[in-house]
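Data block below; observations after.
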Amino acid sequence: MHDPRVLLDPATDAVRKLARRGFSLDVTALEKLLSSRNSAIQRGDDARGESKRVATSVKGAAPEERAQLVERARELKGVVAAAEEEHRTLEAELQDLLLGIPNLPLDELPDGASEDDAQLVRTWGEPPTFDFAPLDHVDLGERLGILDLPRATKLSGPRFAVLKGKGAALERAIARFLLELHTEHNGYTEFSVPTLVNRVSMTGTGQLPKFEHDLFKTGVGETELYLIPTAEVPLTNLHAKETLATEELPLAYTAHTPCFRSEAGSYGRDTRGLVRLHEFSKVELVRVVEAERSRAELEVLLGHAEAAMQALGLAYRVIKLPAGDIGFSAQITYDIEVWLPGQQKYREISSCSDFGTFQARRAGIRTKSKEGARGFAATLNGSGLPIGRTLVAILEQGQQADGSVQIPDVLVPYTGFDKLS
RNA sequence: GGAAGCGUGGCAGAGCGGCCUAAUGCACUCGCCUUGAAAGCGAGAGACCCGCAAGGGUCCGGGGGUUCAAAUCCCUCCGCUUCCGCCA
C-alpha cells in the first residue's frame with residue numbers, strides 16, 4: 001500500500017510509473033478523498049477537545065451555569081459523532097482505493113508486458129545436448145515408475161501429482177538439501193509455519209483483496225481461512241504490526257511448505273505434468289531489511305537462489321521482468337528460468353522480488369533506529385526453490401540414452417542413490 | 001464443547017465514574033559522581049493520527065452502549081490461564 005501523500009507528490013511521478021504497468025491512477029479523486037478525510041479528522045479532534053474541557057468544567061460549576069455547560073456538552077457530542085461517522089466512511093473509501101493500487105515499478109525495468117519484453121541478465125551453464133530425442137519429465141517419470149498422474153487425478157482432480165518410491169524420496173531429498181543450503185551457508189533461519197492463514201495476513205502481503213479468485217479458501221462454521229499460495233505469506237506476516245530495531249535487520253527466513261493455487265485463468269496452460277499444480281511444495285526465502293537497502297538486498301537474495309541452481313548443476317538464465325509483467329506488490333522482479341530439454345525452452349523456476357515498503361505498509365512492519373528514527377521495513381522474497389519444478393529439471397536435464405536419470409552429486413547424501421533407473 | 005478467572009506503558013504491577021495529563025518497581029536514555037564500572041543522586045523517555053509548523057487529537061485486548069464525563073458501569077467479540085469433556 002502506498003502513502004497517499006507520497007503518491008500525490010509530483011516528484012514521485014506515480015501516474016507515469018503506474019501507467020507503465022497498465023494502471024491508470026485517478027489523482028483528482030484521490031486528492032479529493034484524502035482532503036475530505038483529513039478535514040473530518042480535524043473537525044472531530046477539535047470538537048472532542050472542547051468537549052473534554054467542557055466536561056471537566058461541569059464539576060465545579062454553579063448550578064445555573066452547569067445546565068448550560070451540560071447543554072453545550074450534549075451539542076458537542078453530536079458534532080463529534082457526526083465527524084467520526086464521516087471519517088469512518090471516508091477512511092474505508094480511501095483504504096479501498098489504496099489497497100487496489102499496485103506498487104510502482106522501478107525505472108530500470110524494461111518496457112512491455114509480456115515475457116518477450118524481459119531483459120536477459122545472464123545465462124549460467126550449458127543446456128545439455130543429447131544424441132537422442134530427449135523425453136519430457138512425464139514420460140521419464142512414468143517409465144521410471146516414480147510418477148502417477150492418473151491416480152492423482154482420481155484422488156483430487158487435474159493439476160495434482162502423486163510421486164512414488166524413489167520419486168517421493170527425491171522430492172524429500174531436494175527439500176532437505178535446499179533447507180540445509182540456505183540455513184547453513186546463506187544465513188537463513190528455518191521456520192515451520194501455518195499453511196492456513198486469515199484474511200488479514202493475506203491482505204498484508206497483497207494477495208487480498210484483489211486476487212481472491214487465485215486462492216483456495218476453507219470455511220468451517222464462522223471461521224474462514226485461506227490456504228497459502230506461498231510461504232511468503234506466513235513468513236512475511238510473522239512481523240506484522242511489529243516495530244523492529246534496525247540493528248536486528250536484515251532478517252532472513254526460510255520455510256518448506258505446501259503451496260496452493262487455484263490457477264484460475266491458466267486453463268490449457270501447462271496441463272501436462274508437474275509444472276503447474278494446484279498443490280506443490282516449495283522452499284521460500286524471505287528477507288526483511290532496511291528500506292534503503294532493499295534494491296541491494298535483491299541481488300543478495302537472487303544470489304542465494306542462483307547458488308541452489310548452481311549446486312544442482314542446472315543450466316538456467318536470469319531475466320529482469322518488464323514493468324507490465326511484475327506482480328501486484330513488487331517494484332522489481334528477477335526470474336530464474338531453468339532449461340527444460342523436454343520443451344526446448346527456459347521455464348520459470350524462481351521469482352525473486354523486491355517489494356520496497358509496499359507490503360510493510362500493509363502489514364504494519366515498522367522499523368526504529370537506535371537514534372529513534374522510525375519508518376517502514378522493506379520486504380523481499382524468492383523461491384529457493386520450488387520442489388516440483390526442480391524435480392522436473394533434474395529429470396529432464398539428467399536423462400540418459402537408456403532412460404535412466406543421473407542425480408546431481410549434492411543430492412546423493414540425501415537420496416542414498418545416484419541414479420534413477 | 002461445558003465451567004471459572006484474567007487481559008493496564010518494554011516487563012512487573014496499582015488504579016473510589018470527574019485532580020488518570022495512569023502510581024510504584026524493574027529495565028532503558030542522558031547528566032552528576034568515579035581511573036573505569038557498580039551503587040547513589042538528578043533529569044528524561046511510548047505509540048499512532050491530523051498539521052509546513054506551532055499545536056491538537058487518539059491509545060488501559062477489539063467493538064458497541066450508559067453518562068455532561070468511562071481504565072473504572074453494562075453488552076458483545078477476541079485472546080490467555082485453570083478445571084472437566086473430546087482428540088493426534
Side-chain angles (χ1 to χ4, degrees), chain A residues 1-12 30-99 192-204 218-226 234 237-249 258 291 357 359-377:
Chain A
M1 185 161 59
H2 295 286
D3 176 345
R5 279 181 304 183
V6 171
L7 208 58
L8 289 171
D9 184 343
T12 305
L30 181 57
E31 260 169 357
K32 216 175 133 193
L33 191 51
L34 184 66
S35 79
S36 36
R37 176 198 71 144
N38 288 354
S39 80
I41 290 175
Q42 199 58 55
R43 244 178 304 133
D45 282 1
D46 290 346
R48 198 182 300 101
E50 190 186 344
S51 166
K52 272 199 134 159
R53 285 188 291 276
V54 173
T56 311
S57 64
V58 166
K59 201 188 176 190
E64 63 280 10
E65 204 179 350
R66 188 192 154 92
Q68 274 180 10
L69 287 170
V70 170
E71 177 55 28
R72 176 63 183 152
R74 287 213 166 96
E75 247 173 69
L76 286 166
K77 207 168 135 179
V79 176
V80 172
E84 279 181 344
E85 179 54 35
E86 194 182 334
H87 174 214
R88 222 190 322 273
T89 308
L90 292 169
E91 187 68 43
E93 271 179 54
L94 183 64
Q95 290 300 312
D96 279 356
L97 183 64
L98 289 172
L99 284 173
S192 171
V193 289
T195 47
L196 281 169
V197 303
N198 58 32
R199 189 173 179 85
V200 172
S201 298
M202 282 294 186
T203 305
T218 66
V220 177
E222 298 297 295
T223 308
E224 279 195 338
L225 291 170
Y226 294 85
N237 279 292
L238 280 172
H239 294 293
K241 298 190 183 71
E242 291 183 13
T243 300
L244 305 167
T246 50
E247 309 84 274
E248 34 179 310
L249 302 179
T357 57
Q359 290 183 327
R361 283 180 191 284
R362 293 178 159 239
I365 306 172
R366 296 164 185 280
T367 58
K368 185 180 182 182
S369 75
K370 247 195 160 117
E371 296 73 40
R374 317 195 122 262
F376 286 98

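For the numbers below, each heavy atom of this structure counts, side chains included, while hydrogens, waters and symmetry mates do not.
Across all strands shown, the partner of B:C28 is B:G44, judged by Watson-Crick or G-U wobble contacts whose two distances both fall under 3.5 Å. The base-pairing partner of B:A3, taking Watson-Crick or G-U wobble contacts with both distances under 3.5 Å, is B:U82. Nucleotide B:C87 has no partner under the Watson-Crick or G-U criteria, as no pair reaches both atom distances under 3.5 Å. Under the Watson-Crick or G-U wobble criterion, with both distances below 3.5 Å, B:A53 is left unpaired in every strand shown. B:U67 makes up no base pair with any nucleotide shown, lacking Watson-Crick or G-U wobble contacts both under 3.5 Å. Figure legend. B:C33 is base-paired to no nucleotide; pairs are counted as Watson-Crick or G-U wobble with both atom distances under 3.5 Å. For B:A38, there is no paired nucleotide, since no Watson-Crick or G-U wobble pair has both relevant distances below 3.5 Å.
Taking atom CZ on A:Arg43 and atom C1' on B:U58, their separation rounds to 17 Å, with Å as the unit. Distance A:Arg199 CZ to B:C78 P: 18 Å, rounded to the nearest Å. Rounded to an integer number of Å, the gap from NZ of A:Lys52 to C1' of B:A70 is 10 Å. Whole-Å rounding puts the A:Glu91 CD to B:U58 P distance at 17 Å. Straight-line distance from the CG atom of A:Leu76 to the P atom of B:A69: 10 Å, rounded to whole Å. In this structure, CG of A:Asn198 is placed 11 Å from P of B:G79, rounded to the nearest angstrom.
Rounded to the nearest Å, the gap between the C1' atom of B:G18 and that of B:U67 is 11 Å. Here the separation of B:A14 from B:C52, taken at their P atoms, is 44 Å to the nearest Å. The same atom, P, is picked in B:G13 and in B:G25; the two are 16 Å apart, to the nearest Å. Here the separation of B:G31 from B:C68, taken at their C1' atoms, is 46 Å to the nearest Å. For B:A54 and B:C59, the C1' atoms lie 23 Å apart once the distance is rounded to whole Å. Using atom P as the reference point in both B:A70 and B:U66, the two lie 11 Å apart (nearest Å). The same atom, C1', is picked in B:G55 and in B:G64; the two are 32 Å apart, to the nearest Å. Separation of the P atoms belonging to B:G61 and B:C83 is 26 Å when rounded to the nearest angstrom.
Two residues are said to be in side-chain contact when any heavy atoms from C-beta on lie closer than 4.5 Å; A:Thr367 and A:Leu249 meet this criterion. In this structure, A:Leu98 and A:Leu94 have side chains that are in contact, with non-hydrogen atoms separated by less than 4.5 Å. Residues A:Leu33 and A:Leu90 meet the side-chain proximity criterion, which asks for heavy atoms closer than 4.5 Å. At least one side-chain heavy atom of A:Val200 sits less than 4.5 Å from a side-chain heavy atom of A:Lys241. Side-chain atoms of A:Arg366 and A:Leu244, non-hydrogen and from C-beta on, never get closer than 4.5 Å to each other. Considering only heavy atoms from C-beta on, A:Leu34 comes within 4.5 Å of A:Arg5 through its side chain.
A:Glu242 and A:His239 share a side-chain donor-acceptor pair at under 3.5 Å. Side chains of A:Ser201 and A:Asn198: a donor-acceptor N/O pair is present below 3.5 angstrom, by distance only.
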Interface polar pairs with nucleotides 17-19 of chain B, N/O, under 3.5 angstrom:
residue	atom	partner	partner atom	Å
B:G18	N2	A:Ala55	O	2.7

Please produce a list of atom pairs where a protein N or O lies less than 3.5 Å from an N or O of nucleotides 47-56 of chain B.
residue	atom	partner	partner atom	Å
B:A47	OP1	A:Arg374	NE	2.8
B:A47	OP1	A:Arg374	NH2	3.3
B:C48	OP1	A:Arg374	NH1	3.2
B:C50	OP1	A:Arg37	NH2	2.8
B:C50	O3'	A:Asn38	ND2	3.3
B:C50	O2'	A:Gln42	OE1	3.0
B:G51	OP1	A:Asn38	ND2	2.6
B:G51	OP2	A:Arg5	NH1	3.3
B:G56	N2	A:Asp45	OD2	3.0

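Remark: A:Arg48 engages A:Asp45 in a salt bridge, criterion side-chain N to carboxylate O under 4.0 Å.
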Original post:
Yes or no on salt bridge (Lys or Arg N to Asp or Glu O under 4.0 Å) for A:Arg37 and A:Glu86, after CA distance, side-chain angles and deciding distance?
Top reply: CA-CA 8 Å; A:Arg37 176 198 71 144; A:Glu86 194 182 334; over 6 Å; no
Distance-only donor-acceptor hits, side chain of residues 72-82 of chain A, under 3.5 Å, sequence neighbours excluded:
residue	atom	partner	partner atom	Å
A:Arg72	NE	A:Glu50	OE2	3.1
A:Arg72	NH1	A:Glu75	OE1	2.8
A:Arg72	NH2	A:Glu50	OE1	3.1
A:Arg72	NH2	A:Glu50	OE2	3.1

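Note on A:Arg48: every side-chain N or O is 4.0 Å or more away from OP1 and OP2 of B:G57.
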